[in-house]
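Predicted model, so just to flag it, every value in this text is computed and none were measured. Just so you know, these numbers use all the heavy atoms, side chains as well, and skip hydrogens, waters and symmetry mates.
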Amino acid sequence: MNTRTDALADRMDQIALSPTIRGTMEADRLRRAGVAVIDLGAGEPDFPTPEHIVAAAHEALNAQFTKYTANPGIMELRQAIADRYRGDYGIDVGPENVIATAGGKQALFHAAEAIFNPGDDVVTHTPGWPTIVEQIKMAGAKPVIVRTHIEDGFDVRADALVAAITPRTRAIVINSPGNPTGALLSEADAERLAAEAARRGLWVIIDLCYERLVYDNVPHRLPAIFAKAMADRLVLCGSASKAWAMTGWRCGWLVGPVPVVKAAGALQSHTTSNVNSITQKAAIAALTGSQQCVSDMLAEYKRRRDQVLAWLAEEPRFVCAVPKGAFYLFPSISEFLSPDRIRTSLEFTDGLLRDEHVVTTPGEAFDAPGYLRLSYATSLEQLREGVTRLIRYARQHS
Ligand SMILES: Cc1ncc(COP(=O)(O)O)c(C=O)c1O
């Protein structure tokens, strides 16, 4: 097969493949060879999808609910999404403000394509989930990156975002709680940022993928705060993936002003059409059913977070901020790196997989060399063993 890439469209030069792919492939190879790999790399819940959600999907299948649906999603789902955002945050939205998408990722993609023009600046923050920056570039716009800092718990600060605004800035994209840091934009910062965005007529797009995974009762009503100041330029991108352990079902949503929803509908009508019909019924069950399953999973993630932080503290050269949300730790490993030993976090994760069979994700994947992402969306037993091996590897090589 021809493997030349110079035959491809120019735009493909702009798009980076995730640096995690190599590690994932190597982990797969080891597993197939029968090696007991400890996976702290997963960006998805280890819990099964709750039973009542699976039952709704069975019902849909049995009823032959297996055809195309309305392009933005069935009305019952759009209504359920709108109700949830109205109920959770008190914002004034109805089904006309909602389109169901194939994951939060597609919602963010639609928002980028619908709003950014070539040549626009779009402010976002890093360490961050790489898709946001790639989507900005795919829309022809320029990412303007604001760094957050471990000393500050990686919190996303309004002042830093505002300072990055240029005359060409069209939008600000925020991910809170953030992947990989678990950091938040605080409500106080949200107030400041919303006022500034409103004054300057900027769009704000919030990736709320982990919105239901916030620990320690930290108030995090970002949709309410932004909607009060600038509802006409606010786009919320949410997802069923993490809160209800539904990553494979592919259901997310965009909530925003009607023109954005219509534009997203147009894009979707020429790409993926509708979210899988069965998934839509399952998502309704997730949104409208008991939320006890979400609370239970959150409590377990919190237990794991606190436990892994304690285990990691056995080796004080791992420097770690306490994540306020999501399900990742993002320690600095710079104390273990040096020019004559392991030089980069990418080399560190490669070696850790090779020698100790532990999968982690290097900071390079999140524009943050010198860090390591550890997912605690796995059992405490796996976590204990994984951290033991991690500490052993780090000590042996420093
Ligand atoms: C920060 C963030 N946003 C959005 C997503 C998209 O998830 P999905 O497309 O499964 O909803 C992810 C998935 O890992 C994520 O980490």
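In this structure, Leu254 is not a member of the same hydrophobic cluster as Ile206, with clusters built from ILVMFWY side-chain heavy atoms closer than 4.5 Å. Put simply, Phe327 and Ile38 are part of the same group of oily side chains (I, L, V, M, F, W, Y) that touch within less than 4.5 Å, one to the next. In this structure, Leu234 is a member of the same hydrophobic cluster as Val93, with clusters built from ILVMFWY side-chain heavy atoms closer than 4.5 Å. Hydrophobic clustering of Ile, Leu, Val, Met, Phe, Trp and Tyr side chains at less than 4.5 Å, counting indirect connections, unites Ile99 with Val173. When the side chains of ILVMFWY residues are joined at heavy-atom separations under 4.5 Å, either directly or via intervening members, Ile165 and Val156 end up in a single hydrophobic cluster.
For an aromatic pair to be called close, the ring centres must be under 6.0 Å apart, and Phe366 with Tyr371 fails this. Ring centroids of Tyr301 and Phe47 are separated by less than 6.0 Å, placing the two rings close together.
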Step-by-step side chain to side chain contact (heavy atoms under 4.5 Å, CB included) determination, Leu372 to Phe336 = CA-CA 12 Å; Leu372 199 64; Phe336 303 105; over 6 Å; no
Given the rule in the side chain to side chain contact (heavy atoms under 4.5 Å, CB included) test, do Met297 and Glu300 qualify, once you have shown the distances and angles that lead to the verdict?
-> CA-CA 5 Å; Met297 287 189 266; Glu300 179 59 21; 5.7 Å; no
Yes or no on side chain to side chain contact (heavy atoms under 4.5 Å, CB included) for Lys137 and Arg11, after CA distance, side-chain angles and deciding distance?
-> CA-CA 9 Å; Lys137 291 194 295 184; Arg11 82 174 69 83; over 6 Å; no
List the steps and the verdict of side chain to side chain contact (heavy atoms under 4.5 Å, CB included) for Leu298 and Leu213.
-> CA-CA 6 Å; Leu298 180 64; Leu213 301 181; 4.0 Å; yes
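Considering CZ of Phe318 and CG of Leu329, their distance stands at 11.0 Å, rounded to 0.5 Å. A distance of 9.0 Å separates OH of Tyr215 from NZ of Lys302, quoted to the nearest 0.5 Å. For the atom pair CG of Leu353 and CZ of Arg389, the computed distance is 10.5 Å after rounding to the nearest 0.5 Å. Taken from OH in Tyr393 to OG1 in Thr349, the straight-line distance is 8.5 Å, to the nearest 0.5 Å. From Lys324, atom NZ reaches atom CG of Leu184 across 5.5 Å, with rounding to the nearest 0.5 Å.
Taking a 6.0 Å sphere around CZ of Arg147, one finds it holds more than 12 heavy atoms contributed by other residues, nucleotides or ligands.
The heavy-atom pair separating Phe348 from Ala394 by the smallest distance is CZ-CB, 4.0 Å.
No side-chain heavy atom of Val146 sits under 4.5 Å from any side-chain heavy atom of Thr126. Contact annotation: the side chain of Phe109 never approaches that of Thr131 to less than 4.5 Å [non-hydrogen atoms, C-beta and beyond]. Considering only heavy atoms from C-beta on, Asp155 stays 4.5 Å or farther from Asp189 through its side chain. Residues Gln396 and Asp355 form no side-chain contact, since every pair of their non-hydrogen atoms from C-beta on lies 4.5 Å or further apart. Put simply, the side chain of Ile81 does not reach to within 4.5 Å of the side chain of Arg78, judged on heavy atoms. Within the 4.5 Å cutoff, the side chain of Asn276 has no heavy atoms near those of the Trp249 side chain.
Checked options Arg392, Arg384, Glu385; the residue passing with Thr388 is Arg384 (criterion: side-chain hydrogen bond (donor to acceptor under 3.5 Å, both in side chains)).
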